Amino acid sequence: MMENVLTVLGLIAFVGACVVLGLLVNKIKHLRYTRAWQPIIGVIGGEVHEDPQGGGASSWISGRWKGYTIHARMTPQVRESEYSNYENLFAVGVAEQDGQSSWRTIPRIAVKILSDDDALGDRLRRAGVVARLEKARIRSAWFERHSRYLFVEEDVSPGWIPSPERFVELLDLAVDLARMQQESNA
C-alpha cells in the first residue's frame, strides 16, 4: 500500500517538474522572440504576444497599418515537408476581412489560386492579385473566410524577421491584397 502512495506521489512530482520546466522554456523562448521583434515592432506600433498554441514555436505582434489591424507572425526553424531544409517563416495578416470563399496560393509553384469557388480565382487574377504576388516574390498568400484573415508569407532565412524596409513592403502588399480580395470575393 505504501509503495502505491509513493509511486503516485513520485508521478505527481515528476509531472509537476515537467510542467514547470515547460513553462520556463516557453518564457525563455518568448524573451528571445521579444528581442528579435525590436527592429520592426515600432513600424506598426505593435506589441508582442506569446504563441497562442503554447510551446514557443512561434511569436506574434499586433498593431495598425494604414487603418488596418495587422498581426505578424515569426515561426523559426520550420522543417520543409519534402526537404530536410529548415525555413524561418514570416507572415503578415490583415484582420477583419470579409469574403464568401476561402482561397490560397500554392507555395513554390507559379502563382496559382486555389478555392472552392473556381470563379473567384479568375476574379482575383483579373483584379491583379497574381501579378502583385509575382512582383513581390512571395512564398504564399491565403484568405481564411472563418477567421477573417488575409495572410502573406515568406521565408526570411537566415534571419527570423525581415528588414524594416521589407516589412513595410509586406505590409503594403497585404493591405493591397486585402482590398483586392474584398472587391473580388464579396
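Here, residue 1 is the first one in the sequence, and each next residue gets the next number. All figures in this text were calculated on a predicted structure; none of them were measured in a lab.
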J.: Please determine, by modelled atom types, if Thr69 and Arg64 share a side-chain donor-acceptor pair under 3.5 angstrom.
T.: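 Arg64 and Thr69 do have a side-chain donor-acceptor pair below 3.5 Å.
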J.: Is it true that Trp65 and Asp172 share a donor-acceptor pair across their side chains at a distance under 3.5 Å?
T.: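 Yes.
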J.: Quick one: does Asp98's side chain get under 4.5 Å of Gln182's, heavy atoms only?
T.: yes
J.: Is a side-chain donor-acceptor pair under 3.5 Å present for His146 with Ser102?
T.: no
J.: Do Thr105 and Lys112 have side chains that approach each other closer than 4.5 Å (heavy atoms only, starting at C-beta)?
T.: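 The answer is no, as the side chains (C-beta and beyond) never meet within the 4.5 Å cut-off.
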J.: Determine the interplanar angle of the Trp60 and His71 rings, folded into 0 to 90°, and report it as parallel if under 30°, tilted if 30 to 60°, perpendicular if over 60°.
T.: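 Trp60 vs His71 ring planes: perpendicular.
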J.: To check you understand the geometry: which heavy-atom pair defines the closest contact between Arg137 and Arg166, and what is its length?
T.: O-NH2, 4.1 Å
J.: Applying salt bridge (Lys or Arg N to Asp or Glu O under 4.0 Å), run through Glu144 and Arg104 and close with a yes or a no.
T.: CA-CA 8 Å; Glu144 299 169 347; Arg104 65 184 176 89; over 6 Å; no
J.: Side chains of Trp37 and Ser59: any donor to acceptor distance under 3.5 Å?
T.: yes
J.: Does Phe90 reach the side chain of Ile161, with side-chain heavy atoms less than 4.5 Å apart?
T.: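 A side-chain contact under 4.5 Å exists here.
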J.: Quick check for you: to the nearest 0.5 Å, what is the distance between Glu87 atom CD and Glu154 atom CD?
T.: 11.0 Å
J.: Closest approach of Ile44 and Ser62, non-hydrogen atoms and distance?
T.: CD1-C, 3.9 Å
J.: Give me the atom names and distance for the closest heavy-atom approach of Ser157 to Asn88.
T.: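 Looking at all heavy atoms of both residues, the shortest contact is OG-N, 3.1 Å.
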J.: Could you walk me through whether Trp160 and Tyr33 pass the side-chain contact (heavy atoms from CB on, under 4.5 Å) check?
T.: CA-CA 9 Å; Trp160 286 2; Tyr33 289 149; 3.5 Å; yes
